[in-house]
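Working notes for the structure below.
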Amino acid sequence: MRVRFAPSPTGALHIGGARTALYNWLLARGGGGTLVLRIEDTDRERSTPENVEQILDALRWLGLDWDEGPSFQSERAGRHAEALEQLLASGHAYHSNATAEDVKAYKQLHGDNRGFRGQAESDGAVRLRVPDQGETVVADVIRGETRFRHEHIDDPVIARADGSVLYNFAVAVDDLDAGITHVVRGEDHLSNTPKQLLVFEALGAQPPLYAHLPLLHGPDGRKLSKRHGAASVQELRAAGYLPEAVDNYIALLGAGFSSDEEFFSLGELAQRFRLERVSKNPAVFDEQKLRHLNGRHLRELGLDELTRRLEQFTRREGLRGAVEISAEKIQTLADFWPLAGFLFDGPAEDEAAFQRTICKDDGIELLGASREALAAAAEPFSVPDVEAALRGVVDARGAKPGKVFQPVRVAIAGTTVSPGIFESVALLGRLEALRRIDSALSHASQICA
RNA sequence: GCCGCUAUCGUCUAGGGGACUAGGACGCCGCCCUCUCACGGCGGUAACCCGGGUUCGAAUCCCGGUAGCGGUACCA
């Protein structure tokens, strides 16, 4: 089995493209196949080296490697010209100067479902000659047979007047030469497939098998774009998602893996992936579910690896202790710093939280009591020591735990949300914890009414 | 307009004529756990697009409608 991923470098790798790449990779890795990477850059205006690098970078980040390539369609002009000559010589293609207006006029005359047929001329663009009789059947692995009657298909332009070839021709020649056995791509190519099949036939070659994947839509049911949500792999990465989770999630979009389990590694996905089982209907990208999966993958990483990734993501060091007490509370890498940053950068400033906890009821008094308890807490001031000290305050005062702990939390973190209070205080250390509480106490004496 | 594709909870899906009182996951709601937020556990909410057939029996098969999407470039 030889499969290919053939993006056109007209922008960042979109999540739909990422899924196409992933499915091809899964196919190759799951069954000892070969994955060929080809850059379809025949659109000279929109293809840039920066875009190519961006796509390669996204692929690597996702953990999708390839066996051959990247090759560039633009570098195969010689071979394309040769194949074009072959079709011209055999009468399967002809020169024509017919314009879009000519095509329109033809349809006005013959009916708007009648495919355009041109007259052979001595120069001009090159059109493929589509037979009037019969039909071309696309035997799609996912969709079954789709029939296209030849009389409905226009003679497609396959090369410009300057000899440069167009997509539907180049793609067929390239797939043929690369020995591709399975073409797996988005459903937007389904209507183009009969034209490509006709090129194979004209060349006297055996076409590959095709599988057209359902498209991915945004939350509003419309085509996914930059307007709604993170649509590119780079954006997902910047938003703190793990490649493991993105792979897992996009694999799930459109593939019926299993009805009772949805948490998979790349390897497991490769083992389970079945092209025939891919769904036929378009799917909506749901960031909520990605977040959920990301949280699971995050915890699956283990503390060492998670720390490594968080240090890379935040560009900070010495995060291990903070990661340890925050791991179960975050779903993305981006969630970490807002939750645990106070451990390094000092308490956040949240006056509302301060008012709500420390200024309210006997918050100041309880905070003072906690301060004394922590000052007297046993060495080594580890989590159990801190817990014993603070629970001692709860017991002595007969207060509800939250009434004691929340003021301490606000004093050291600045906010009402943080990792466990005992863990946080122990990690800060006695000196720093007392310093922050003292500072909160003096602040309270000034602002609490 | 024309040529195609698709149609199960809000979302992703399971379902291949009787096992469907339609299963799972995310979300949402409630409860438990609990120092906040999470994690985890338990329970709940919620769907077969519509209309005709075929059949003893249809979410499943066929036809039509409707809707969504794609293609319709000398783009890919």
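Heavy-atom basis, side chains included; hydrogens, waters and symmetry copies ignored. We name chains A, B, ... by the order of the sequence lines, and we start the count at 1 in each one.
Projected onto RNA chain B by closest heavy-atom contact, A:Leu290 and A:Ala283 fall at different nucleotides, the more 5' of which corresponds to A:Ala283.
Of the nucleotides present, none pairs with B:G57 by Watson-Crick or G-U wobble criteria with both distances under 3.5 Å. The partner of B:C5 is B:G68, by the rule that a Watson-Crick or G-U pair needs both atom distances under 3.5 Å.
Within the structure, every side-chain polar atom (N or O) of A:Arg291 is placed at least 4.0 Å from both OP1 and OP2 of B:G27.
Judged by distance alone, the side chains of A:Asp174 and A:His80 do bring a donor and an acceptor atom under 3.5 Å apart. In the model, A:Thr146 has no side-chain atom that pairs as donor or acceptor with a side-chain atom of A:His212 under 3.5 Å. For the residue pair A:Gln406 / A:Arg409, a side-chain donor-acceptor distance below 3.5 Å is found, with atom types taken as modelled. A:Ser71 and A:Arg4 share no donor-acceptor pair across their side chains, judged by distance under 3.5 Å alone. In this structure, a donor-acceptor pair under 3.5 Å is present between the side chains of A:Thr332 and A:Asp335. Side-chain N/O atoms of A:Ser122 and A:His95 include no donor and acceptor closer than 3.5 Å.
Under the stacking criterion of a centre-to-centre distance below 5.5 angstrom and an interplanar angle below 30°, A:His189 sits stacked against the six-membered ring of B:A76.
Taking the charged nitrogens against the carboxylate oxygens, A:Asp175 and A:Arg38 do have a contact shorter than 4.0 Å, which makes a salt bridge. With respect to A:Glu287 and A:Arg291, no salt bridge is recorded, no charged nitrogen being found less than 4.0 Å from a carboxylate O.
Nucleotides B:A47 and B:G52, compared at atom C1', are 23 Å apart to the nearest Å. When the C1' atom is used for both B:C32 and B:C39, the distance is 14 Å, rounded to whole Å. Across B:G18 and B:A59, the matching C1' atoms stand 13 Å from one another, rounded to whole Å. Taking the C1' atoms as reference points, B:C75 lies 15 Å from B:G70, given to the whole Å. With both ends at atom P, the span from B:U21 to B:U60 equals 15 Å, rounded to whole Å. Atom C1' of B:A67 sits at a distance of 23 Å from the matching atom of B:A58, rounded to the whole Å.
Of the candidates B:A76, B:C37, B:C39, B:A76 carries the atom nearest the A:Asn168 side chain, counting heavy atoms from C-beta on. Out of B:C12, B:G70, B:C74, the shortest distance to the side chain of A:Leu215 is found at B:G70.
Taking the syn range as angles within 90° of 0, the glycosidic angle of B:G16 is syn.
Closest heavy-atom contact between A:Ile153 and A:Pro194: CD1-CB, 4.1 Å.
Checked against the 6.0 Å centroid threshold, A:Phe5 and A:Tyr23 do not count as a close aromatic pair. For an aromatic pair to be called close, the ring centres must be under 6.0 Å apart, and A:His297 with A:Tyr249 fails this. In this structure, A:Tyr106 has its ring center under 6.0 Å from that of A:His110.
Residues from residues 109-139 of chain A that place a heavy atom under 4.0 Å from any atom of RNA chain B, listed by number: A:Asp112, A:Asn113, A:Ala125. Residues of residues 400-412 of chain A that place a heavy atom closer than 4.0 Å to RNA chain B, in numerical order, are A:Pro401, A:Phe405, A:Gln406, A:Arg409.
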Protein heavy-atom contacts under 4.0 Å, written 5' to 3' over nucleotides 4-10 of chain B as B (base), S (sugar-phosphate only) or - (none), form the string SSSSS--
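Across all strands shown, A:Gly420 has heavy atoms under 4.0 Å from base atoms, whether or not it also approaches the sugar-phosphate. Within 4.0 Å (heavy atoms only), A:Pro214 reaches no atom of the nucleic acid at all. Using a 4.0 Å heavy-atom distance criterion, A:Arg277 is classed as a sugar-phosphate-only contact. Across all strands shown, A:Tyr249 has no heavy atoms under 4.0 Å from either base or sugar-phosphate atoms.
Between the side chain of A:Glu262 and the base of B:G24, at least one donor-acceptor pair of N or O atoms lies under 3.5 Å. With hydrogens and angles ignored, a donor-acceptor pair under 3.5 angstrom links the side chain of A:Lys329 to the base of B:C37. One donor-acceptor pair, N or O on each side, does fall under 3.5 Å between the base of B:A76 and the side chain of A:Asn192.
Aromatic ring pairs are classed by plane angle as parallel below 30°, tilted from 30° to 60° and perpendicular above 60°; the pair A:Tyr167 and A:His189 is tilted.
Per the geometry, CD belonging to A:Glu151 stands 15 Å off P belonging to B:C2, to the nearest Å. The distance from atom CZ of A:Arg160 to atom C1' of B:A76 is 11 Å, rounded to the nearest whole Å.
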